Student: 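One structure, as structure tokens, below. Some questions next.
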Amino acid sequence: MKQISDNSQVVFFLPFGLTWVALALICTLFKHNSLLLVGMILVCAASLYFRFRAFKAFVGVFALFLGLFGEYACTRLGMWIYANPSIGGLPIWLGLVWPVLMVNFLEMAHYLNSFFSTPRIRLPGLIHFALALLIGSYLAFVLVTLNNLIAWVLTLFFVLTALGAHKPFNLWLFVVAALGGFFGEYICVFFGVWVYTKPGFGSLGMPVSLPLAWGVSANLIWLCARAFVRTDKVDKMPLALT
């Protein structure tokens with residue numbers, strides 16, 4: 001496993017592949033919750049085992065609990081509805097989806113940040129500025145388009161999170177989570193795993209705020225995990241790249 005983890009391309013493509021495996025399992029087995037739970041346990045174990053670090057384990061734990069809390073709160077508010085719930089309006093496999101996605105988004109962001117920070121890439125600062133501008137522009141778009149409580153709550157969390165997560169790595173983590181989360185959810189909605197009750201992108205059946213929510217969530221979970229690992233250890237971990 002150490003030899004595999006030293007291959008920088010594997011650091012991107014294996015986590016990318018694991019997210020696709022999870023997505024395929026969800027879309028094909030969501031009507032069989034117990035079977036899907038077994039599949040998600042295996043994918044989650046593989047995701048954590050690959051380049052295992054204590055920091056990565058903390059990311060998985062916070063992703064599980066914060067993800068479930070957010071899912072439960074939002075479903076209780078009627079923002080979306082699962083097609084085959086088990087307990088409290090949620091499927092039993094749902095808690096494991098969050099660790100799978102967050103630890104793999106972390107790996108992919110690590111690879112992209114490393115790649116675009118090497119001397120072979122010209123003007124890395126310009127790339128990071130473009131990412132920050134893209135994120136800021138989408139935040140403004142959400143605020144102008146929605147101008148409601150959801151948009152302002154997300155903006156508040158964005159600002160609070162950005163105070164501690166504002167390095168180039170965090171920009172990549174935001175973009176990876178925003179794009180990966182939105183696209184994955186679009187596939188799941190298409191297959192009928194759940195449905196949004198008030199989608200902003202009507203033709204897609206998706207909320208306008210969704211990419212922002214994923215980007216903020218990924219960095220918030222990263223910050224929570226970082227608080228439980230000594231700063232000097234985090235800074236030495238390639239997964240953190242602070």
Side-chain angles (χ1 to χ4, degrees), residues 13-48 59-60 62-109 138 142 146 150 154 173-221:
F13 288 109
L14 182 57
F16 183 78
L18 287 171
T19 59
W20 274 99
V21 170
L23 182 61
L25 289 174
I26 292 169
C27 291
T28 55
L29 298 177
F30 72 92
K31 294 183 180 179
H32 309 279
N33 285 334
S34 298
L35 185 59
L36 180 52
L37 176 62
V38 174
M40 291 307 303
I41 289 173
L42 295 176
V43 177
C44 187
S47 300
L48 290 170
V59 168
F62 277 104
L64 189 155
F65 286 104
L66 292 179
L68 277 180
F69 174 79
E71 294 272 359
Y72 179 75
C74 291
T75 52
R76 295 295 292 179
L77 292 172
M79 297 174 65
W80 60 82
I81 302 172
Y82 282 94
N84 189 26
S86 302
I87 304 172
L90 305 178
I92 56 175
W93 46 265
L94 184 61
L96 294 176
V97 175
W98 279 84
V100 167
L101 293 180
M102 290 303 165
V103 299
N104 286 313
F105 288 163
L106 195 75
E107 290 283 7
M108 288 186 275
Y138 197 80
V142 170
L146 296 182
I150 292 176
L154 279 175
L173 181 58
F174 190 106
V175 171
V176 168
L179 294 178
F182 183 88
F183 182 76
E185 289 212 32
Y186 173 73
I187 298 297
C188 289
V189 169
F190 178 82
F191 278 90
V193 183
W194 66 84
V195 60
Y196 282 99
T197 56
K198 296 180 181 179
F201 294 121
S203 60
L204 298 178
M206 307 291 286
V208 172
S209 59
L210 192 58
L212 181 63
W214 273 104
V216 170
S217 297
N219 278 289
L220 177 61
I221 290 169

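These figures come from a predicted structure and were not determined experimentally. We use all heavy atoms of the structure for the numbers below, so side chains are in, but hydrogens, waters and symmetry mates are not.
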Student: Indicate yes or no: at least one non-hydrogen side-chain atom of I150 is less than 4.5 angstrom from one of M79.
Tutor: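 The answer is yes, as the side chains (C-beta and beyond) meet within the 4.5 Å cut-off.
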
Student: How many angstroms lie between atom CZ of F183 and atom OG1 of T19, to the nearest 0.5 angstrom?
Tutor: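 Reported value, rounded in 0.5 Å steps: 10.0 Å.
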
Student: Which atoms form the tightest heavy-atom contact between V43 and L25, and what is the distance?
Tutor: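 Nearest heavy atoms, V43 then L25: CG2-CD1, 3.7 Å.
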
Student: Where do P211 and A178 come nearest, in terms of heavy atoms and distance?
Tutor: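 Nearest heavy atoms, P211 then A178: O-CB, 3.3 Å.
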
Student: State which residues pass side chain to side chain contact (heavy atoms under 4.5 Å, CB included) with F16; sequence neighbours excluded, sorted by chain then number.
Tutor: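 Applying side chain to side chain contact (heavy atoms under 4.5 Å, CB included) to F16 gives F12, W20, M108.
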
Student: Using a 4.5 Å cut-off on heavy atoms from C-beta on, say whether the side chain of F13 contacts that of E107.
Tutor: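 No. Closest side-chain heavy atoms not under 4.5 Å.
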
Student: With the side chain counted from C-beta on, respond yes when W80 and V195 share a heavy-atom pair under 4.5 Å apart, and no when they do not.
Tutor: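 No, side chains not in contact.
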
Student: State the OG-CG distance between S217 and L101, to the nearest 0.5 angstrom.
Tutor: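 One finds 11.0 Å between OG of S217 and CG of L101.
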
Student: Minimum heavy-atom separation for A63 to I221, with atom names?
Tutor: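 The pair with the smallest heavy-atom distance is CA-CD1, 3.7 Å.
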
Student: Nearest 0.5 Å, please: how far is CH2 in W214 from CG in L179?
Tutor: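 L179 atom CG to W214 atom CH2 measures 12.5 Å (nearest 0.5 Å).
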
Student: Using the ring of each side chain (for Trp, its six-membered ring), is F190 parallel, tilted or perpendicular to Y186, with breaks at 30° and 60°?
Tutor: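 Tilted, since the angle between the ring planes falls between 30° and 60°.
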
Student: If I take atom CE from residue M102 and atom CG from residue L220, how far apart are they, to the nearest 0.5 angstrom?
Tutor: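 Going from CE on M102 over to CG on L220, the span is 9.0 Å.
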
Student: Which atom names give the shortest non-hydrogen contact between M206 and F182, and what distance separates them?
Tutor: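 Shortest heavy-atom separation between M206 and F182 comes out as CE-O, 3.6 Å.
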
Student: Measuring only between side-chain heavy atoms, which start at C-beta, is C44 closer than 4.5 Å to L48?
Tutor: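 Yes. Closest side-chain heavy atoms under 4.5 Å.
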
Student: Considering residues at least two apart in sequence or located in another chain, which fulfil the side chain to side chain contact (heavy atoms under 4.5 Å, CB included) criterion with P91?
Tutor: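 P91 satisfies side chain to side chain contact (heavy atoms under 4.5 Å, CB included) with N33, Y82, W93, L94 once adjacent residues are dropped.
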
Student: Under a 4.5 Å cut-off applied to non-hydrogen side-chain atoms, are T75 and W194 in contact?
Tutor: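 Answer no - side chains too far apart.
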
Student: For a quick test of reading the model, state the closest non-hydrogen atom pair linking G60 to P99 and the distance between them.
Tutor: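 Closest pair (atom of G60, atom of P99, distance): O-CG, 3.4 Å.
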
Student: Looking at Y138, I'd like to know if its OH atom is crowded, meaning that more than 12 non-hydrogen atoms belonging to other residues, nucleotides or ligands lie closer than 6.0 Å.
Tutor: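 Counting neighbours around OH of Y138, more than 12 heavy atoms of other residues, nucleotides or ligands fall under 6.0 Å, so yes.
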
Student: For the residue pair L29 and L36, what are the closest heavy atoms and their distance?
Tutor: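 Closest heavy-atom pair between L29 and L36: O-CB, 3.8 Å.
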
Student: Mind checking the CG-OG1 spacing from L23 to T28? Nearest 0.5 Å is all I need.
Tutor: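 One finds 9.0 Å between CG of L23 and OG1 of T28.
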
Student: Considering only heavy atoms from C-beta outward, does the side chain of V175 approach that of F105 to under 4.5 Å?
Tutor: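 No, too far: nothing below the 4.5 Å cut-off.
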
Student: Under the side chain to side chain contact (heavy atoms under 4.5 Å, CB included) rule, collect the residues that match up with A213, sequence neighbours excluded.
Tutor: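 A213 satisfies side chain to side chain contact (heavy atoms under 4.5 Å, CB included) with L154 once adjacent residues are dropped.
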
Student: Can a donor-acceptor pair be found, under 3.5 Å and without considering hydrogens, that links the side chain of T197 to the backbone of G78?
Tutor: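 Yes, T197 side chain to G78 backbone: donor-acceptor pair under 3.5 Å.
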
Student: Can you tell me how far CG of L90 sits from CG of N84, rounded to the nearest 0.5 angstrom?
Tutor: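 CG of L90 is found 12.0 Å from CG of N84.
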
Student: Mind checking whether L68 and W98 have side chains closer than 4.5 Å, heavy atoms only?
Tutor: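 Of all side-chain heavy-atom pairs linking W98 with L68, none is under 4.5 Å.
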
Student: How about S47 and P15: do any of their side-chain heavy atoms sit closer than 4.5 Å?
Tutor: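 S47 vs P15: side chains apart.
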
Student: For L77, look at atom CG and say whether over 12 heavy atoms of other residues, nucleotides or ligands are found less than 6.0 Å away.
Tutor: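 Above 12, so yes.
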
